[in-house]
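Remarks on the structure that follows.
In each ligand, atom 1 is the first atom listed, and ligand 1 is the first ligand listed.
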Amino acid sequence: MKNLNFKQVLLFLVTLVFSMASCKPKNANNTISADAAAKVYVAPGKYDEFYNFVSGGFSGQMSAYGLPSGRLLRVIPVFSVDPEKGYGFSEETKPMLNTSHGFVPWDDLHHVQLSKTNGDYDGKWVFGNANNTPRVARIDLKTFRTAEIIELPNSAGNHSSPFLTENTEYVVAGTRFSVPPDDVNGDVPINTYKKNFKGTLSFISVKKDDGKMELAFQIECPGFNFDLSRAGKGVSHGWFFFSCYNTEQANTLLEVNASQKDKDFILAVNWKKAEEYLKAGKGKKKTVRYAHNTYNEKTHTATSEIKTEVIVLDSKELKDLCYFIPCPKSPHGCDVSPTGEYIVGSGKLAAVIPVFGFNKMLKTIQAKDFIGNLEGIPVLKYESVLYGEVKKPGLGPLHTEFDNKGNAYTSFFVSSEVVKWNIKDLKVLDRVPTYYSVGHLTVAGGDTKTPNGKYLVAYNKITKDRYLPTGPELSQSAQLYDISGDKMQLILDFPTIGEPHYAQIAPADLIKNNSTKFYKLDENKHKYASIGEGATKVVREGKNVHVYMTAIRSHFSPDNIEGIRLGDDVYFHVTNLEQDWDVPHGFGIKGASNALRCVVIDRNDVARCVREPFLRFNSFNMAQHATDFGFNNERSLHIAQNLAHANLCNAMTILRGGIEIVNS
Ligand code: K7E
């Protein structure tokens, strides 16, 4: 939500925000009743009931928590390098971070989405978007690893992303900012914004069995800003809804100029129709450049391919593909109820929450009840599509999710609260404060056809007074509410990694039994794998020396490497021989830029770890002290340090003066 429109909210309501942030209710602690501790207590050795997948925002990672305990289980590296897992350091994983602009080892992982079958989570994958250099990632929930990343051309600020259709037919990603096309016609002056800047919606197909993504097609829309989106489901399956703002198409001072109009829009897209047009050959091939990166579980190696073409459908020319629904001031969240009938628009600057009826929308289209036409797209009459408005809900509505009893829960950024309301009669039923300035919220299964409805988590922007201070910057914050009763009850605060934007909650049973325990050694197809200690060797190829090495607790083989000469590039390919759950090993070399960081702690991965163009020594001794291995959260560090204390470091230290080790 750190976008221009929030700046505008802050401009208008700055005093109010400050007063909200500083007026922590005196009895805040008392509002938590005595049974809260029991509700979140998960006894040592017991499992949590849910996984909570949380976006890491500017950390570029995703994290998995257990609920209701709030225990951090794993940080999953996606768009940023991660020394704990070697991601982005080992030669095997570097291609995952390749883009058409080269190696981009950072991004803002903004929203997460669990894969769905028949509108419910199926526990196979979780997707995340990169906001900055537009990308979509697929994480495999068998391994909790990033399996695939696809870059998106014709996009900038990939914010209304990644949202999924009800059978994961498509991951959909709308561009936050309209941009000129990526092809040769893209070099245009800003004063031609209205003519040349376009908003592009990307549809990425997902293969049912292995999840393989392809950029199936894009829809070129008017140059508006597409903020968030949700797929239709149930009755509205086949449609997609995008909130859009800056329909003024301003290109200066967006904080003010992009929110002049009384109403912006929700764009309704008939993607089944798009498929028909595609089949009928109505798409146009456009020249672009985007990276498509895939991690292969057999070779334990990622590859990056640059693709150069995309098929684009033009919303201006193709009838019945897109419709605009007017929506009060700068809609942000755009959420669809479990039945698919109700579409909730949350205008950040609006005083009401409009709820649209899907069937009313179809009737309005049928009756051609239009109030105009914008660049070839019919604009429907607000009153005809509107089911009703939630009156006086709060200030700054952002996001809405649903429970299993016909209720909706909306987050309010400015008034710092979660408001529960009934979908049918649109009456407000309950409100609870958040501490403070909540962004997204998530209900267990809250965007599915059958929400679980037991818990709600609010992801906050401000945490003053909630945790021990940590200098000028405070911890990020999540707050867990029990929503099983009539009244919502705050039961836990827990910090998160990075800025949590969106998150989703899935039953643990859906995921935990499918967890991969280790990679089978005889299935390892890595080019430099050593299957067993007997297969280890040192091979010279001109100036390149390949060390085929194995690691098993707690021994490297070979443990002496001789014959290295000045000017050689030495590659260490380390195969982990362990065939048991959770026995990773690390590898590092003192003084190497990747010594502490590029540690191969993958189960059976092989890594070409270090390249040394200025080698000044001619022998390694790989002996280790067996008892020195520390198998804990800081594995990589421990093992690297242990190596430094082992004989290896002696060889390195003596000759340290001239050693410079760089990544290849
Ligand atoms: Cu509302 Cu960028 Cu999804 Cu933040 S976003 S809150």
Side-chain angles (χ1 to χ4, degrees), residues 1-10 17 53-60 62 79 107-113 127-132 134-136 155-164 172-177 225-231 241-246 254 258-259 264 266 327 329-336 344-350 353 394-401 409-419 434-443 446-447 456-463 476-479 496-504:
M1 59 126 259
K2 283 196 171 154
N3 64 41
L4 298 167
N5 278 59
F6 280 111
K7 282 188 194 147
Q8 192 194 19
V9 171
L10 290 171
V17 173
F53 295 95
V54 183
S55 74
F58 41 68
S59 81
M62 194 185 289
F79 298 117
D107 221 300
D108 172 2
L109 193 156
H110 214 80
H111 301 127
V112 302
Q113 275 271 290
F127 297 84
N129 64 320
N131 226 354
N132 180 51
R135 287 171 279 181
V136 165
S155 299
N158 172 38
H159 193 266
S160 42
S161 165
F163 292 96
L164 306 182
V172 179
T175 186
R176 159 68 80 60
F177 304 112
N225 293 6
F226 295 90
D227 206 8
L228 278 157
S229 63
R230 287 287 186 177
F241 305 94
F242 296 83
S243 58
C244 32
Y245 67 100
N246 192 20
L254 292 187
S259 299
D264 292 283
I266 285 174
C327 187
K329 279 191 148 335
S330 295
H332 183 60
C334 168
D335 298 289
V336 179
V344 181
S346 294
K348 287 180 284 199
L349 305 174
I353 301 176
L395 291 173
L398 291 187
H399 301 282
T400 301
E401 293 222 348
Y409 300 79
T410 303
S411 56
F412 287 83
F413 174 74
V414 177
S415 54
S416 285
E417 59 187 334
V418 173
V419 175
T434 60
Y435 309 100
Y436 307 92
S437 296
V438 56
H440 275 269
L441 53 69
T442 185
V443 172
D447 75 328
L456 178 152
V457 183
Y459 296 93
N460 304 339
K461 305 295 157 197
I462 299 174
T463 54
Q476 307 288 340
S477 155
Q479 296 194 297
T496 64
I497 302 226
E499 183 179 16
H501 282 266
Y502 188 38
Q504 295 203 314

Legend entry - Sub-4.0 Å atoms of ligand 1 with respect to non-hydrogen atoms of His111: 3 (Cu), 5 (S)

Legend entry - Numbering as shown, the atoms of ligand 1 that approach Gly439 to under 4.0 Å (heavy-atom distance): 6 (S)

Legend entry - Nearest heavy-atom neighbours spanning Asn460 and Thr434: OD1-CB, 3.9 Å

Inset, instruction - For residues Arg135 and Asn158, report the shortest heavy-atom separation together with the two atoms involved. - result: O-ND2, 3.0 Å

Inset, instruction - Just say parallel, tilted or perpendicular for the rings of His399 and His332, cut-offs at 30° and 60°. - result: perpendicular

Inset, instruction - Using the test salt bridge (charged side-chain N to carboxylate O under 4.0 Å, His left out), find all partners of Asp447 that sit at least two apart in sequence or belong to another chain. - result: Lys116, Arg230

Legend entry - Donor-acceptor contact below 3.5 Å, side chain Ser437 vs main chain Lys461: no

Inset, instruction - Give a yes/no answer: is there an N/O/S atom of His332 under 2.8 Å from atom 3 (Cu) of ligand 1? - result: no

Inset, instruction - Under the side-chain contact (heavy atoms from CB on, under 4.5 Å) rule, collect the residues that match up with Ser243, sequence neighbours excluded. - result: Asp227, Leu228, Pro331, Cys334

Legend entry - His110 N/O/S atom closer than 2.8 Å to atom 2 (Cu) of ligand 1: yes

Legend entry - Residue His501, metal atom 2 (Cu) of ligand 1, N/O/S under 2.8 Å: no

Legend entry - Which atom of His159 approaches atom 2 (Cu) of ligand 1 most closely (N/O/S): NE2

Inset, instruction - Name whichever N, O or S atom of His440 ends up nearest to atom 3 (Cu) of ligand 1. - result: NE2

